[in-house]
Structures are given as C-alpha cells and as structure tokens.
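Here the structure comes first, spelled out in structure tokens, and everything after it is commentary.
One-based numbering along the sequence shown.
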Amino acid sequence: MSENSQFRFGAATGVGSMPGGDAREAAKTVTGTFEDFPFLPELPARGPGADMIGRTAGMLVELYARVEPSGWRLGDRPGRDTKRARSWLGEDLDALEEFTQEYQGPLKVQAVGPWTLAAHLELRNGEAALSDAGACRDLAASLAEGLRLHLAEVRRRIPGAQLVLQLDEPSLTAVLRGQVKTASGYRTHRAVDRQIVEQTLRDLVGAHTGGPVVVHSCAPDVPFALLRRAGAAAVSFDFSLLTERDEEAIGEAVEGGTRLFTGVVPGAEGPLSDPAGSVMGVRTLWRRLGLSPGLLSEAVTVTPACGLAGVSPGYARTALAHCVRAARSLADNPE
C-alpha cells in the first residue's frame, strides 16, 4: 500500500463505457476532457465482444469463450467471437495511442474482475463458472496472465503512462451473499467463502506490480473492508447508494490511505446540478466522519456513478466535463 500512496491519481476520470461505436471519437472525448487522468474507453454498443464480459473474455490466456443464446460460454478454441473481441480492443488501443502522444501521467484501463467473470461466464454444462471452485481458480489465473500481457501492450504503446488497473466487480456482493442465479433461474449458487474471495483478489492485485489497482462496483453494499485487505489502492462506487452502514468502513479506508473514486455524477440522462452541488454530499460525509477537509483532494477522484454506455453522446460529454468541474470545486472549497 505504501508504494501506491505515493502515486498521483488525477482528480477526475470516467468509469469505462461510453456510448456509440466510434473508437476515435471516444478516445478524443476522453483525452480532451481528462487531461491528467484519461482512461481506455469501452464501446459495448458495437455488440458481443465489445460488452464488458466479452471484452475481458477476449483477454484470457488459454481459455476461450463464445456467444451462446444464454450468454458467454467457455469453449476449447478461439472462435470468431474471441477474434472480434480482440480486434475491437486493438482498435480502441490504436485510437487511444493516437490521442496520447507524449502523454505522461496516470492512465486507467478496465477489465472485469475474477468474481464477476465467474458469475457470468458459463461452463460447457451451461452453469456459471462460479459453480466450480477449480474453474474459478483457472479463470483467475488465466485473467492474471491476460491482464499482464494487456498492460504490457498498453505500456509499449503509451510509454509515459503510469497505469492504473480497474477491476469491475458489480457482481461481487451477489457472489458473497449467494445471490447469483443458477441456469434454471430457480436456485442460486452457494455463497463463496469470503476468505477465498479476498485471497483471489489479493493474488490478482499482487500480480499487477506495475501500479495501483482500483476495484469498481456500482452495486449496493460494496465490501470496502474486504477490498482494502485484498490490496486495492482505491475503491470506485456509486455515491448515491451509500448507507450509514458503509460510513465507518469508508472512514477507515480513507485513514488507511485508500482512495475513493466517488461516483457523484448521474450515469443516467437528466439535468445536472451545479458542480459544487454534485460534491456537496462528499463534503457532508467528510464532516460527519470527522475527516480533515485538507484530505479531500488527496483522497477523492470524482467520476460518474457508473458507465455511460446507455446515454447519448452529448450527455456523456457533458457528464465527463461536469466531473472535472466538480473535482475543481472540491479542491477549491474543501470546507
């Protein structure tokens, strides 16, 4: 954790997904808006292989997946779905490389984490990989190797970047609580032991030695303490879903040096408040927890509440620019 506490995160960034299917337009928007913390955009509207599960499945090493009517299923060899996923990822990297010439600073790339992947990738029998402990281990190992290669490729293309890896884990709470449905839909898979969940994440975080790892979930009840113990340098979440139950864990996280990626700008279309209003809840939480206002800019990165794939391009641009302005408001007026 100490090496990550010296890392300079940007004050604002996006979550990952963007609307439309034009990689150059998305990269231009992201790099133009977040001059000190851009990210690699994802464009799921292009179809299977550009969605979050398919995109990460395309990164796996010696494991392959194809699209079935029920979703993504592991198979024996790379087929057209794997090739399509890899081709789109290459297109996205080409676009980002074009708009980050000479860039120096933090750059975020996203992939689905091992537990959300295990909850959504099917085995040959149609059940989630989550149903088989051995399959979960194989998946996590394949993902770790795939991410190592992916990050090396990003580093080669954008040598001045300090890479931040974001693991998307929206299904993590459901995995911990035994709420992931079986193929029939009538039952749920057993809850996975918290220590196994934590250890798997710790191993994956530990494998990424080149920089900090952020874990993102826009679901309720994010397990802040577990993610901290697993070595996450930052936790990304939908600020509107916080409850009083979360506050103690958040206070401990901030005091322990964990950064908060606070999703305060709505991920669904609608009118936006003024930038100061968007971060008012963060200031209020800070006061309630008795944290120093001076810590705010050291501890908080402002983001949208979740990905922006479902909104119009105009709203996406507005929401990202709003994040930058809200972060500036927080830094200028921490009280």
Consider only side-chain N and O atoms of [X] and [Y], and report whether a donor and an acceptor are under 3.5 Å apart.
X: H120; Y: S171; result: yes
X: T116; Y: E169; result: yes
X: D81; Y: W72; result: no
X: T33; Y: R317; result: no
X: E62; Y: S142; result: no

What do the steps show when you test R259 against T301 for side-chain contact (heavy atoms from CB on, under 4.5 Å), and what is the final call?
CA-CA 8 Å; R259 194 171 183 91; T301 292; 2.7 Å; yes
Minimum heavy-atom distance [X]-[Y], with the two atoms named:
X: E91; Y: R46; answer: OE2-NH1, 3.5 Å
X: A95; Y: A23; answer: CB-O, 3.5 Å
X: L123; Y: A129; answer: CG-CA, 3.7 Å
X: A111; Y: M59; answer: CB-SD, 4.3 Å
X: A233; Y: P212; answer: CB-CB, 3.6 Å
X: G270; Y: Y315; answer: O-CE1, 3.5 Å

Applying the 4.5 Å side-chain criterion to the ILVMFWY set and letting contacts propagate, would V254 and L241 be lumped into a single cluster?
no
State, with a plain yes or no, whether a side-chain heavy atom of [X] is found less than 4.5 Å away from one of [Y].
X: V235; Y: I250; value: no
X: Y103; Y: T31; value: no
X: L121; Y: R73; value: no
X: R229; Y: L201; value: no
X: D92; Y: E42; value: no
X: S70; Y: E122; value: yes

More than 12 non-hydrogen atoms from neighbouring residues, nucleotides or ligands closer than 6.0 Å to [atom1] on [X], yes or no?
X: Q101; atom1: CD; answer: yes
X: E35; atom1: CD; answer: no
X: R288; atom1: CZ; answer: yes
X: R24; atom1: CZ; answer: no
X: R86; atom1: CZ; answer: yes
X: E98; atom1: CD; answer: yes

Approximate separation, where rounding is to 0.5 Å, of [X] [atom1] and [Y] [atom2]:
X: T182; Y: L130; atom1: OG1; atom2: CG; result: 11.0 Å
X: M280; Y: D274; atom1: CE; atom2: CG; result: 8.0 Å
X: S131; Y: N125; atom1: OG; atom2: CG; result: 6.0 Å
X: S217; Y: F237; atom1: OG; atom2: CZ; result: 11.0 Å
X: L60; Y: L149; atom1: CG; atom2: CG; result: 11.0 Å

Ignoring hydrogens and angles, tell me if any N or O in the side chain of [X] forms a donor-acceptor pair with the backbone of [Y] under 3.5 Å.
X: T188; Y: Q179; answer: no
X: Q110; Y: L165; answer: no
X: K181; Y: H189; answer: no

Is there a side-chain contact (heavy atoms from CB on, under 4.5 Å) between L143 and L63? Walk through the geometry before answering.
CA-CA 9 Å; L143 178 62; L63 285 178; over 6 Å; no
For residues 321-330, tabulate all N or O donor-acceptor pairs below 3.5 Å that involve a side-chain atom, not counting sequence neighbours.
residue, atom, partner, partner atom, Å
H322, NE2, S273, O, 3.3
H322, NE2, S278, OG, 2.8
S329, OG, R283, NH2, 3.0

Go through R202 and E198 one step at a time and tell me if the salt bridge (Lys or Arg N to Asp or Glu O under 4.0 Å) criterion holds.
CA-CA 6 Å; R202 187 183 297 117; E198 185 181 318; 2.4 Å; yes
Please list, chain by chain and in numerical order, all residues satisfying side chain to side chain donor-acceptor pair (under 3.5 Å) with S236, sequence neighbours excluded.
H216
Checking L107, V30, L89 against L40 for side chain to side chain contact (heavy atoms under 4.5 Å, CB included), the one that qualifies is L89
Set out, in order, the CA-CA distance, both residues' side-chain angles and the distance that settles salt bridge (Lys or Arg N to Asp or Glu O under 4.0 Å) for R155 and E153, then state yes or no.
CA-CA 5 Å; R155 230 173 253 120; E153 172 70 3; over 6 Å; no
Apply side-chain contact (heavy atoms from CB on, under 4.5 Å) to residues V302 and F261 and explain how you reach the verdict.
CA-CA 6 Å; V302 175; F261 281 42; over 6 Å; no
How would you list all residue pairs meeting disulfide bond (SG atoms under 2.5 Å apart) that involve residues 124-198, not counting sequence neighbours?
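Every pair satisfying disulfide bond (SG atoms under 2.5 Å apart) with a residue in residues 124-198: there are none.
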Apply the test side-chain contact (heavy atoms from CB on, under 4.5 Å) to residues R124 and D76: give CA-CA distance (whole Å), side-chain angles for both, the deciding distance (0.1 Å), then the verdict.
CA-CA 10 Å; R124 288 176 185 79; D76 296 324; 2.4 Å; yes
Are D221 and R245 close enough for a salt bridge, meaning some N to O gap below 4.0 Å?
yes
CA sep, side-chain torsions, deciding dist, call: F37, F39, ring pair (Phe, Tyr, Trp, His ring centres under 6.0 Å)
CA-CA 7 Å; F37 198 5; F39 63 95; 8.7 Å; no
